[in-house]
Amino acid sequence: MGAVRVVSWNINSLRARLGRAQAFMARHDPDVLCLQETKVPDAEFPQLAFPGLHPTVHGQKTYNGVAILSKERPDEVRKGIPGDPVPEQTRAVAARFDDLWVLDLYVVNGQAPDSDKFAIKERWLGALRDWLTTEFDPKDPVLLVGDFNITPSDADVHDPARWAGKIHCTPEERGWLAELQAWGLTDLHKQAVPEPEHTWWDYRMGAFARGWSLRIDLALGTAPVADRLAAVTVDRDERKQGEHEEKPSDHAPLIVDLH
DNA sequence: ATGGTTGGTCGCCAA
């Protein structure tokens with residue numbers, strides 16, 4: 001397989017942002033578009049809006065939902081992860097293109113460190129790690145992209161003091177991510193640039209204009225993927241109000257280019 | 001920066 005562009009974008013409702021998604025495709029022409037928080041059941045997926053693209057969807061009403069839109073038809077597909085503590089939540093879909101596995105993930109948010117959802121976040125990431133360990137090999141090309149809802153380090157937080165101990169920024173979450181990476185995954189954005197751009201801005205308090213940002217959307221790759229890495233960029237314009245259309249998602253797309 | 005914006009739906013529900 002030659003050069004591949006894979007994009008990860010938490011779109012926060014595909015139906016609310018169909019026009020943006022189409023404009024994004026025209027602008028960036030990704031080979032593989034991984035969406036999170038599509039919030040649409042599979043039977044209602046608007047595949048007619050993406051002519052010529054193959055939809056690999058795993059969605060539900062109202063919450064969650066992931067989808068992979070690809071120029072090539074996948075050779076193999078997986079929906080959900082084994083041992084998922086919340087299997088009713090559609091948070092993972094994977095597709096293999098030749099020898100490259102692309103895992104599109106919407107990690108449990110976790111809400112707050114003292115909430116039940118925080119414990120579920122740990123268990124969900126544990127199930128993901130077990131899945132990698134049992135069904136994949138770090139010697140093969142495996143690319144994980146998505147909304148991880150974890151900042152890998154304080155460099156990924158606009159104001160580390162203000163976020164200390166808060167959801168997305170706790171030592172526990174960073175430890176779970178490190179355990180995942182210990183299987184054999186490189187943070188491709190960090191490999192590509194010394195100071196990776198952030199990807200998420202809260203809708204509230206004018207956070208985008210004030211630069212209150214986090215890097216929680218990640219691309220992690222095994223060594224064969226890291227060896228093929230050409231570039232990782234963030235389409236920050238996509239987060240701007242009125243830059244393309246009104247009503248941006250609160251996440252900007254992460255663009256991963258492989259040789 | 002500890003309030004309040006957004007989407008889908010009518011759950012104050014999740015983010």
Side-chain angles (χ1 to χ4, degrees), chain A residues 8-24 34-46 49 57-67 84-92 104-125 145-151 154 156-170 172-173 176-177 198-218 236-254:
Chain A
S8 175
W9 186 15
N10 181 323
I11 196 165
N12 186 19
S13 171
L14 176 57
R15 286 184 286 202
R17 263 171 275 285
L18 253 193
R20 275 189 175 260
Q22 291 171 312
F24 180 88
C34 297
L35 298 171
Q36 303 92 37
E37 283 205 83
T38 53
K39 300 183 179 180
V40 58
D42 293 354
E44 295 168 42
F45 191 87
V57 298
H58 187 44
Q60 66 185 107
K61 194 175 76 157
T62 311
Y63 304 120
N64 310 310
V66 282
D84 190 334
V86 281
E88 70 282 8
Q89 300 180 11
T90 52
R91 296 182 172 277
D104 177 15
L105 307 171
Y106 176 47
V107 176
V108 173
N109 178 295
Q111 200 165 63
D114 60 356
S115 78
D116 294 344
K117 290 172 185 170
F118 193 72
I120 290 171
K121 186 175 197 172
E122 177 178 20
R123 291 171 56 201
W124 197 90
L125 287 164
V145 298
D147 177 1
F148 282 74
N149 273 313
I150 300 173
T151 56
D154 276 354
D156 306 305
V157 184
H158 72 94
D159 185 345
R162 184 151 304 282
W163 278 88
K166 301 284 195 284
I167 194 66
H168 312 309
C169 302
T170 64
E172 290 93 334
E173 293 165 281
W176 305 334
L177 180 63
H198 297 177
T199 61
W200 176 84
W201 297 258
D202 199 300
Y203 280 125
R204 296 166 287 192
M205 304 296 293
F208 182 71
R210 296 159 105 155
W212 295 343
S213 58
L214 302 178
R215 184 170 76 97
I216 53 177
D217 300 274
L218 307 176
R236 209 170 168 283
D237 286 348
E238 180 54 52
R239 180 60 179 84
K240 292 177 183 167
Q241 181 130 17
E243 178 81 13
H244 299 293
E245 285 182 32
E246 295 306 303
K247 299 273 185 191
S249 167
D250 46 351
H251 294 252
L254 186 68

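So you know, we letter chains A, B, ... as the sequences are listed, proteins then strands, and number each from 1.
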Quiz item: Checking all strands, does Trp163(A) fall into the base, sugar-phosphate, or nothing category for heavy-atom contacts under 4.0 angstrom?
Solution: base

Quiz item: Which part of the nucleic acid, if any, lies within reach of Arg91(A) when heavy atoms closer than 4.0 Å are counted: base, sugar-phosphate only, or nothing?
Solution: sugar-phosphate

Exercise. To the nearest Å, give me how far apart CG (Asp250(A)) and P (dA14(B)) are.
Key: 16 Å

Quiz item: How would you label the contact of His168(A) with the nucleic acid (heavy atoms, under 4.0 Å): base, sugar-phosphate, or nothing?
Solution: nothing

Practice problem: Would you confirm whether Glu37(A), through its side chain, and Asn12(A), through its main-chain N or O, come within 3.5 Å as a donor-acceptor pair? | Solution: no

Could you list the donor-acceptor pairs under 3.5 angstrom formed between side-chain atoms of residues 208-218 of chain A and any protein atom two or more places apart in sequence or on another chain?
{"from": "Arg210(A)", "atom 1": "NH1", "to": "Met205(A)", "atom 2": "O", "distance (Å)": "2.8"}
{"from": "Ser213(A)", "atom 1": "OG", "to": "His198(A)", "atom 2": "ND1", "distance (Å)": "2.7"}
{"from": "Arg215(A)", "atom 1": "NE", "to": "Asp156(A)", "atom 2": "OD1", "distance (Å)": "2.7"}
{"from": "Arg215(A)", "atom 1": "NH1", "to": "Asp187(A)", "atom 2": "OD1", "distance (Å)": "3.3"}
{"from": "Arg215(A)", "atom 1": "NH1", "to": "Asp187(A)", "atom 2": "OD2", "distance (Å)": "3.3"}
{"from": "Arg215(A)", "atom 1": "NH2", "to": "Asp156(A)", "atom 2": "OD1", "distance (Å)": "3.3"}
{"from": "Arg215(A)", "atom 1": "NH2", "to": "Asp187(A)", "atom 2": "OD2", "distance (Å)": "2.9"}
{"from": "Asp217(A)", "atom 1": "OD1", "to": "His251(A)", "atom 2": "ND1", "distance (Å)": "3.2"}
{"from": "Asp217(A)", "atom 1": "OD2", "to": "Thr199(A)", "atom 2": "OG1", "distance (Å)": "2.6"}
{"from": "Asp217(A)", "atom 1": "OD2", "to": "His251(A)", "atom 2": "ND1", "distance (Å)": "2.8"}

Self-check item: Partners passing side-chain contact (heavy atoms from CB on, under 4.5 Å) against Lys61(A) (at least two apart in sequence or in another chain)
Solution: Pro41(A)

Quiz item: Taking CH2 from Trp201(A) and C1' from dA15(B), how many angstroms apart are they, rounded to a whole number?
Solution: 16 Å

Practice problem: Please state how far atom CG in Asn109(A) lies from atom C1' in dT6(B), giving the value in whole angstrom units. | Solution: 14 Å

Quiz item: Any side-chain donor paired with an acceptor under 3.5 Å for Glu238(A) and Ser249(A)?
Solution: no

Quiz prompt | Closest nucleotide among dA15(B), dT6(B), dT2(B) to the Arg204(A) side chain | solution = dA15(B)

Practice problem: Take atom CZ of Arg210(A) and atom P of dG3(B), then tell me their distance rounded to the nearest Å. | Solution: 14 Å

Quiz item: Mind checking the C1' distance from dC13(B) to dG4(B)? Whole angstroms is fine.
Solution: 16 Å

Quiz item: Please give, in whole Å, the distance from dA1(B) C1' to Trp212(A) CH2?
Solution: 4 Å

Practice problem: Write down the distance between CG (Asn12(A)) and C1' (dA15(B)), rounded to a whole number of angstrom. | Solution: 8 Å

Quiz item: Where the side chain of Arg162(A) is defined as all heavy atoms beyond and including C-beta, which of dA15(B), dT6(B), dA1(B) is the nearest nucleotide?
Solution: dA1(B)

Practice problem: Please identify each residue that fulfils side-chain contact (heavy atoms from CB on, under 4.5 Å) with Asn109(A), with sequence neighbours left out. | Solution: Asn149(A), Ile167(A), His168(A)

Practice problem: Provide the distance between the two C1' atoms, one in dA14(B) and one in dT9(B), to the nearest whole Å. | Solution: 12 Å

Exercise. Taking side-chain contact (heavy atoms from CB on, under 4.5 Å) as the test, write out the residues that go with Pro160(A), two or more places apart.
Key: Asp154(A), Val157(A)

Quiz item: Should Pro248(A) and Lys240(A) count as side-chain neighbours, where that means a heavy-atom distance under 4.5 Å?
Solution: no

Practice problem: Under 4.0 Å between any heavy atoms, over every strand shown, what does Tyr106(A) touch: base, sugar-phosphate, or nothing? Just pick one. | Solution: sugar-phosphate

Quiz item: On a whole-Å scale, what distance lies between the C1' atoms belonging to dG3(B) and dA15(B)?
Solution: 15 Å

Practice problem: Quickly work out the Gln89(A) CD to dG11(B) P distance and round it to whole Å. | Solution: 19 Å

Quiz item: Can you tell me how far P in dC12(B) sits from the matching atom in dT2(B), rounded to whole Å?
Solution: 27 Å

Quiz prompt | For DNA chain B, the residues among residues 57-66 of chain A that have a non-hydrogen atom under 4.0 Å from it | solution = Lys61(A), Thr62(A), Tyr63(A)

Quiz item: When you match Thr38(A) and Gln111(A) each to their closest nucleotide on DNA chain B, which lands nearer the 5' end?
Solution: Thr38(A)

Quiz prompt | pair Asp147(A)-Trp200(A): side-chain heavy atoms closer than 4.5 Å | solution = no

Quiz item: Taking CG from Asp217(A) and P from dA15(B), how many angstroms apart are they, rounded to a whole number?
Solution: 14 Å

Quiz item: Is any side-chain heavy atom of Gln60(A) closer than 4.5 Å to a side-chain heavy atom of Gln89(A)?
Solution: yes

Practice problem: Could you work out the separation of dG11(B) and dG7(B) based on their C1' atoms and round it to a whole Å? | Solution: 13 Å

Quiz item: Pairing of DNA chain B as dot-bracket, 5' to 3': ( ) intra-strand, [ ] crossing, | other strand, . unpaired, with Watson-Crick or G-U pairs under 3.5 Å?
Solution: ....(((.....)))

Practice problem: Return the 5'-most residue of the pair Asn149(A), Arg17(A) with respect to DNA chain B, ranking by each residue's nearest nucleotide. | Solution: Arg17(A)

Quiz item: Under a 4.5 Å cut-off applied to non-hydrogen side-chain atoms, are Thr170(A) and Phe118(A) in contact?
Solution: yes

Quiz prompt | Residue Lys39(A), side-chain heavy atoms: nucleotide from dA15(B), dA1(B), dG7(B) that is nearest | solution = dG7(B)

Quiz item: The side chain of Met205(A) lies closest to which of these nucleotides: dG4(B), dT5(B), dA15(B)?
Solution: dG4(B)

Quiz item: Distance from Trp124(A) atom CH2 to Trp176(A) atom CH2, nearest 0.5 Å?
Solution: 13.0 Å

